[in-house]
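A short worksheet on the structure shown next.
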Protein chains: 2
Amino acid sequence: MARTPTTHDPFNAVAEPKRRQVLAVMGTQELSVNEIVERLGWNQPMVSKHLRVLKQVGLVSERRVGRQRMYQVNAEKLRPIFDWVTPFEKLWNERFDRLDEVLEEMQKRRKNNE
Amino acid sequence: MARTPTTHDPFNAVAEPKRRQVLAVMGTQELSVNEIVERLGWNQPMVSKHLRVLKQVGLVSERRVGRQRMYQVNAEKLRPIFDWVTPFEKLWNERFDRLDEVLEEMQKRRKNNE
DNA sequence: TTGACATATTCCTATATAGGAATATAATAC
DNA sequence: GTATTATATTCCTATATAGGAATATGTCAA
């Protein structure tokens, strides 16, 4: 079997460093492809291709305006990543008296079989 | 060029759902390979292979005890993921009066070229 | 309708899996 | 030594990129 496709979920989509760059450069703004191209200094097809993957997993939304296509980050799709990684954060960042909470969260996670 | 290797960084390592399961099932405990095998119900080589990738990116540490190998999650290696995804969390989770902070963080991130 | 602009797609290739099956290595006990 | 237990590795294959280069599609303007 091959690797999980990049378009399978947000985890796989943002595993590619360039796609994280795209999201970071977009931030909260709605940008056209060319604006992203300018900010990143990449060639246009490369940007379009990465946007395609991001769009397929819902990480960006597209809106057509004349001959432009405006893209915008759909941050909520990053939530599964945030939710998955947050419990671990306690392990390096907080005092030991919250370890029990960490364990509880792990337990729930285990039940959900994820 | 091919896809970024799974062993390149934590982002790529945990893109594989099975490896997230491994980390979740380990939690805060130090477990032998067989203990992980039992908890997940997978075959042993499969577990070993995934542990290998996780170890190569530092997400787990290994300790040899007799013929066993004890593995433990090294949560800190997940920090880059946490740090990257956290600013976006504000976009869906908090009131709009903190949007300026979000933008600041995005800006810093952009300067670090990540 | 022709040209310019904005963006997407296709074709190509080197590369890297993930999983199954079989086997190798290592440590311990007898 | 030999068997047993614990774990890792090798061999195999189908599959999916990511990037470069070239080209296609779509839209507007004169």
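Everything numeric in this text was worked out from a predicted model, so none of it was measured. All chains are named by letter (A, B, ...) in the order of the sequence lines, taking the proteins before the strands, and each is independently numbered beginning at 1.
- In this structure, Thr4(B) reaches neither bases nor backbone, as no heavy-atom distance under 4.0 Å exists between it and the strands shown.
- Taking the nucleotide of DNA chain D with the nearest heavy atom to each of Glu35(B) and Ala2(B), the more 5' of the two is matched to Glu35(B).
- Each of dT17(D), dT9(C), dG20(C) was ranked by its minimum atom distance to the side chain of Pro5(A); first place goes to dT17(D).
- For Asn12(B) (side chain) and Ala15(A) (main-chain N/O), a donor-acceptor pair under 3.5 Å exists by modelled atom type.
- The nearest whole Å value for the distance from the CD atom in Gln44(B) to the P atom in dG19(C) is 14 Å.
- Spacing between atom CH2 of Trp42(A) and atom P of dG19(D) amounts to 8 Å, rounded to whole angstrom units.
- Under a hydrophobic clustering in which Ile, Leu, Val, Met, Phe, Trp and Tyr are joined whenever their side-chain heavy atoms come within less than 4.5 Å, directly or via other members, Met70(B) and Leu91(A) fall into different clusters.
- In this structure, Arg19(B) and Leu51(B) have side chains that are not in contact, with every pair of non-hydrogen atoms separated by 4.5 Å or more.
- Here Asn34(A) reaches the OP1 or OP2 of dT7(C): one of its side-chain N or O atoms lies under 4.0 Å away.
- The nearest whole Å value for the distance from the CG atom in Leu31(A) to the P atom in dT7(C) is 11 Å.
- As rounded to whole Å, 13 Å separates atom P of dA18(D) from atom CG of Leu51(A).
- In the helix from dT1(C)-dA30(D) to dC30(C)-dG1(D), the terminal helix axes, each the rotation mapping four pairs' C1' atoms onto the next four within five end pairs, subtend 0°, rounded to 10°.
- The CD atom of Gln21(B) lies 13.5 Å from the CE atom of Met26(B); values are rounded to the nearest 0.5 Å.
- Contact check of residues 52-72 of chain A against DNA chain D (heavy atom, cut-off under 4.0 Å) returns Gly66(A), Arg67(A).
- On a pure distance criterion of 3.5 Å, no polar donor-acceptor pair joins the side chain of Glu16(B) and the base of dA18(C).
- Taking atom NE2 of His50(A) as the reference point, atom P of dT9(C) lies 15 Å away to the nearest angstrom.
- Checking Val47(A) against Arg3(B), the closest nucleotide of DNA chain C that is more toward the 5' end is the one next to Val47(A).
- We find that CG of Asn12(A) is positioned 12 Å from C1' of dA18(C), with the value rounded to whole Å.
- Between Trp84(A) and Phe11(A), the two ring planes are perpendicular [angle over 60°; tilted spans 30° to 60°].
- The shortest side-chain heavy-atom distance between Lys18(A) and Arg20(A) does not fall under the 4.5 Å cut-off.
- With hydrogens and angles left out, the side chain of Lys49(A) and the base of dG20(D) share a donor-acceptor pair within 3.5 Å.
- Look at CE on Met1(A): it is 12 Å from P on dA18(C), rounded to the nearest Å.
- A pairwise comparison of heavy atoms in Glu35(A) and Ser32(A) identifies OE1-N, 2.8 Å as the closest pair.
- Taking each heavy atom of Val73(A) and Phe88(B) in turn, the nearest pair found is CG1-CE2, 4.2 Å.
- Taking each heavy atom of Val57(B) and Thr7(B) in turn, the nearest pair found is CG1-O, 3.2 Å.
- Dashed line: the shortest gap from a side-chain N or O of Thr6(B) to OP1 or OP2 of dT17(C) is under 4.0 Å.
- With rounding to whole Å, Met46(A) atom CE is found 8 Å from dA18(D) atom C1'.
- Checked for salt-bridge contact, Glu16(A) and Arg3(B) miss the test: no charged N lies under 4.0 Å from a carboxylate O.
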